[in-house]
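So the structure is just underneath, and the comments pick up after that.
Read the numbers this way: they start at 1 and go in the same order the structure lists the ligands and their atoms. Position 1 is the first residue of the sequence; numbering continues from there.
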Amino acid sequence: MIIVLREGASSRETDGLMDFLTGLGGLSVHPVPGEEQTLWGVTGDTGRVDVSRIESFSCVERVLCATAPYPLASRASRPEGTRVQIGSVTVGGPRLAVIAGPCSVESREQILRTAQAVRRSGAAILRGGVLKPRSSPYAFQGMGLEGLALLKEAHEATGLPIVTELLSVRDFDRFIEEVDCVQVGARNMQNYELLRLLGKTDKPVLLKRGLSATLEEWLMSAEYILAGGNPNVILCERGIRTFETCTRNTLDLSAVPAVHHLSHLPVMVDPSHGTGRRWMVSPLARAAVAVGADGLIIEVHPDPEHALSDGAQSVDPAQFDELMRGLRAIAAAVGREL
Ligand code: PEP
Ligand code: MN
């Protein structure tokens, strides 16, 4: 870290900053006096320093950071990359992990039928929301916690591990007990209380990118879970808010190589929420695999026209089967298997 001191700063001011820095512990300060401006090089565990505290000193002009503010999530902390185990499925290895299932669990028949179908097509994990974060309070809010028993039944029938979204800390214990992987939705990416609780477990967490989150903000959220002691974090790019209105969100595929560069965590892509349009799901799933995603999460509904949520972006089982077939050649071309 380099601290650029304000020209003409008094020694009383800079002494105060020096006291603050040495008081943090584990840092060494190396002053580099210049003709006009003085720089302080700071070495040590700078990734854990709250830079805004330094910026608040009146003698500070600017702070330049060379290390990421997410030391545990950064690629440097685990150059070989991380693999996360969800039941018998490994995320982050040579085999792509495909999560598929309806946006919402709607009925026993719906989730069982979907689970059987996606398993036949090669999905490795079943998704299905029981508590839904909807933009409108009048829209279907999910069938509630009874849906967890239906997901369990679908798991028993197919062997597929379950991922479902935890909306609030209130239901934390139930989810830890009953699901294989906890999804933190885009709207909850910065629910730090929830992230901190998940950090105290070893439950795999699928951490979706916030609607307008930068990569740094997203990785800082992952850092909360890692800092609590839970290494099992999978990131999921699900589209971000831009000026474009043709698609529901703008799927930021550049996030995949960027995250792989910045972090050791596996990253999945959600082309369903990323586009909002059924006919775009397959082409963007192919693009996601080509760009190096470690897996996909795709909404599949047996009757998308009558889905209670996100029908417009849901594919039916036949379309999902075709999508999976199309992915194989692309996976092989980038050295992955399906
Ligand atoms: C979902 O997976 O159904 C969902 C609500 O996703 P997101 O949090 O990405 O909007
Ligand atoms: Mn959805």
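Contact annotation: R209 has no heavy atom less than 4.0 Å from any atom of ligand 1.
With respect to K152 and E178, no salt bridge is recorded, no charged nitrogen being found less than 4.0 Å from a carboxylate O. Salt-bridge check for R209 with D252: passed, with a basic side-chain N closer than 4.0 Å to an acidic carboxylate O.
A ring pair (Phe, Tyr, Trp, His ring centres under 6.0 Å) check over residues 31-73, counting only residues at least two apart or in different chains, returns the pairs F20-F57.
Around CD of E193, the count of heavy atoms belonging to other residues, nucleotides or ligands within 6.0 Å does not exceed 12.
Of the N or O atoms in H273, one or more lie within a sub-3.5 Å distance of an N or O in ligand 1. Checked by distance only, ligand 1 and R238 come closer than 3.5 Å through their nitrogen or oxygen atoms.
D180 has its side chain out of reach of V163: every pair of non-hydrogen atoms, C-beta onward, lies at least 4.5 Å apart. The side-chain heavy atoms of N249 and R238, taken from C-beta on, include a pair separated by under 4.5 Å.
In this model, a donor atom of one side chain and an acceptor atom of the other lie less than 3.5 Å apart for T43 and H30.
Atoms of ligand 1 lying under 4.0 Å from at least one heavy atom of C103, given by number and element, are 3 (O). Of all atoms in ligand 1, numbered sequentially from 1 with element shown, those under 4.0 Å from a heavy atom of E165 are 5 (C). Every atom of ligand 1 with a heavy atom of G185 under 4.0 Å away is listed here by number and element: 8 (O). Close contacts between ligand 1 and R187 involve ligand atoms 7 (P), 8 (O), 10 (O) [criterion: under 4.0 Å to a heavy atom].
Within H273, the N, O or S atom lying nearest to the Mn ion (ligand 2) carries the name NE2.
Under a 4.5 Å side-chain heavy-atom criterion applied to ILVMFWY residues, the cluster that includes Y138 comprises that residue alone.
Looking only at protein heavy atoms, the nearest one to atom 6 (O) of ligand 1 is K208 NZ, 3.0 Å. Of the protein's non-hydrogen atoms, A186 N, 2.7 Å is the one closest to atom 8 (O) of ligand 1.
Vertex the Mn ion (ligand 2), arms ending at OE2 of E299 and OD2 of D310: the angle is 120° after rounding to 10 degrees.
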